[in-house]
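Scroll down for the structure; my scribbles are underneath it.
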Amino acid sequence: MIHLSQVAISEIRRLQLKQQPNALLRLTIKQGGCSGLFYDMSFDETVKFNDRVFDLSSIKVIVDDESFNYVNGLALDYSEDLMGGGFRFHNPQAIATCGCGNSFSIATPNSV
């Protein structure tokens, strides 16, 4: 399961209305970044065969099966600081993260 903070929900809704009002939020894990894997978020109107769809406080989040193995239990937050605003990922499976917080590694890496 994935958890969204109220602040993250508000920011996702704001971005959604600005970019694609009817789109769903797609969360994908890709290879790369400082720690080996990174989070990729985008808006998408298409649900594919291997996708899981979660309705989280009226935000529909799409995660493909392979990415779900890396984000089960993920808590997504949003905060602003002196450097600007950004989403913060709190992944209980991550054993290491980079300074930006968007890249991570896990104990038993699988191919993405």
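These numbers were taken from a predicted model, which means no experiment stands behind them. Along the sequence shown, the residues carry numbers beginning at 1.
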- Cluster companions of Phe49 among Ile, Leu, Val, Met, Phe, Trp, Tyr (side-chain spacing under 4.5 Å): none

- Query: Roughly how far, to the nearest 0.5 Å, is CG of Asp77 from NE2 of His90?
  - Reply: 5.0 Å

- Item | Gln16 side chain to Phe43 backbone, donor-acceptor under 3.5 Å | no

- Which residues satisfy the side chain to side chain donor-acceptor pair (under 3.5 Å) test with Ser58, sequence neighbours excluded? Arg13

- Output for pair (Leu4 CG, Leu25 CG), nearest 0.5 Å, gives 7.5 Å

- Task: For Asn22, check side chain to side chain donor-acceptor pair (under 3.5 Å) against everything at least two apart and list the hits.
- Result: none

- Residues clustering with Ile62 (ILVMFWY side chains joined when closer than 4.5 Å, directly or via others): Leu24, Val47, Val53

- Item | Partners meeting side chain to side chain donor-acceptor pair (under 3.5 Å) with Ser57 (sequence neighbours left out) | none

- Item | Phe87 to Glu11 - nearest heavy-atom pair and separation | CZ-CG, 3.7 Å

- Message: Centre-to-centre under 6.0 Å for Phe89 and Phe38, is that the case here?
- Response: no

- By side chain to side chain donor-acceptor pair (under 3.5 Å), Asp65 pairs with (sequence neighbours left out) Arg52

- Note on the structure: Taken to the nearest 0.5 Å, the spacing of Leu56 CG from Ser5 OG works out to 11.5 Å

- Query: Going only through I, L, V, M, F, W and Y residues with side-chain contacts under 4.5 Å, is there a path from Tyr78 to Leu17?
  - Reply: no

- Query: Quick one: CD1 on Ile9 to CG on Leu76, what's the gap to the nearest 0.5 Å?
  - Reply: 9.5 Å

- For the atom pair OG1 (Thr28) and CE (Met41), what is the distance rounded to the nearest 0.5 Å? 10.5 Å

- Task: Given side chain to side chain contact (heavy atoms under 4.5 Å, CB included), test His3 with Leu74 step by step and report yes or no.
- Result: CA-CA 6 Å; His3 307 280; Leu74 177 76; over 6 Å; no

- So, Gln93 side chain and Asn72 main chain: donor-acceptor pair closer than 3.5 Å or not? yes

- Closest approach of Pro92 and Gly73, non-hydrogen atoms and distance? CD-O, 3.3 Å

- Message: When you measure from the side chain of Arg26 to the backbone of Asp64, do you find a donor-acceptor pair of N or O atoms at a distance under 3.5 Å?
- Response: no

- Query: For Glu80 and Gly85, which heavy atoms make the closest approach, and how far apart are they?
  - Reply: CG-CA, 3.6 Å

